[in-house]
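Just below is one structure, and these are the notes that go with it.
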Amino acid sequence: MQAKMLKAIGHVEDAAEVLQTAIAELKQYHSPGRERLLEAAYIRIQFSQGLLSSGDEWLTKRHISANDKPNVAREYEQITLARMLMARQAYQKLEVKNRVQAVSKIKEKHLL
């Protein structure tokens, strides 16, 4: 909850730090379900900072893929995966658009 509040007021780095601390502390209690939820929340914060590649290691560690059957116990993780895939697709489209704009600007400069 504290991480959500920090993120909401724009303290994203502090929110990420709170989650990392909570994950580390939770490992002592062997609560994999809650640990997975906190990790997914941390990954979402990483995405909000534009760090789209940060989820790759998490996906491998938690054995999550787009081909998994829906599972209520892992719903938050699966939604995080869906957000990650959508963010990557949007970034790729933006990257292509930016490249096209850059090429057209270069062409304009050479035509002038």
Side-chain angles (χ1 to χ4, degrees):
M1 184 64 119
Q2 183 182 7
K4 280 187 174 185
M5 290 171 54
L6 287 167
K7 184 180 176 198
I9 61 173
H11 297 271
V12 181
E13 291 84 15
D14 293 335
E17 188 176 319
V18 165
L19 286 171
Q20 285 179 320
T21 302
I23 291 166
E25 290 177 4
L26 197 58
K27 287 182 184 201
Q28 299 172 10
Y29 300 104
H30 305 290
S31 181
R34 293 182 193 272
E35 191 177 324
R36 287 193 310 261
L37 289 173
L38 291 176
E39 287 175 354
Y42 176 75
I43 294 300
R44 287 182 181 195
I45 286 179
Q46 295 293 301
F47 295 161
S48 74
Q49 293 179 307
L51 304 171
L52 300 180
S53 62
S54 64
D56 293 335
E57 184 179 322
W58 172 71
L59 290 174
T60 302
K61 176 183 174 185
R62 291 297 176 191
H63 307 287
I64 301 169
S65 80
N67 297 325
D68 293 346
K69 290 184 179 182
N71 181 336
V72 173
R74 297 189 81 180
E75 178 181 26
Y76 191 79
E77 295 166 280
Q78 291 172 331
I79 291 171
T80 301
L81 169 63
R83 287 181 174 194
M84 184 174 125
L85 295 173
M86 289 186 298
R88 283 185 177 171
Q89 184 179 22
Y91 178 77
Q92 288 171 348
K93 286 180 181 179
L94 181 64
E95 200 174 58
V96 169
K97 182 180 176 183
N98 287 340
R99 278 189 246 149
V100 169
Q101 287 175 347
V103 168
S104 68
K105 285 182 182 180
I106 291 169
K107 286 181 180 179
E108 286 175 15
K109 287 181 180 180
H110 288 288
L111 291 175
L112 293 176

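What's counted below: heavy atoms across the whole structure, side chains too, no hydrogens, waters or symmetry copies.
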Nearest heavy atoms of L85 and A66, plus distance in Å: CD1-CB, 4.0 Å
Heavy-atom side-chain proximity of R44 to Y76 below 4.5 angstrom: yes
Carboxylate-amine/guanidinium contact R36 E39, below 4.0 Å: no
Flag if over 12 foreign heavy atoms under 6.0 Å of CD, Q2: no
Approximate separation, where rounding is to 0.5 Å, of E75 CD and T80 OG1: 10.0 Å
Same apolar cluster (I L V M F W Y, side chains within < 4.5 Å links), I45/L6: no
Distance-minimising heavy-atom pair for Q20 and Y42: NE2-OH, 2.9 Å
Same apolar cluster (I L V M F W Y, side chains within < 4.5 Å links), I43/I64: yes
Considering all heavy atoms, the nearest A3-A15 contact: O-CB, 3.3 Å
Cluster link L81 to L37, ILVMFWY, side chain under 4.5 Å: no
Short N-O contact, R62 and D68, less than 4.0 angstrom: no
I9 side chain reached by M5 side chain, heavy atoms, under 4.5 Å: no
Polar side-chain atom of S65 near backbone of N67 as donor-acceptor pair, under 3.5 Å: yes
Pi-cation contact, Y29 with R34 (under 6.0 Å, within 45°): no
Closest heavy-atom pair and its distance - A40, W58: CB-CZ2, 3.7 Å
Note, M84 side chain near D56 side chain (heavy atom, < 4.5 Å): yes
E17, CD atom: more than 12 neighbouring heavy atoms under 6.0 Å: no
Side chain to side chain contact (heavy atoms under 4.5 Å, CB included) between Q49 and E13, intermediate numbers included: CA-CA 9 Å; Q49 293 179 307; E13 291 84 15; 3.4 Å; yes
Joint cluster assignment, V12 & L19, ILVMFWY side-chain distance < 4.5 Å: yes
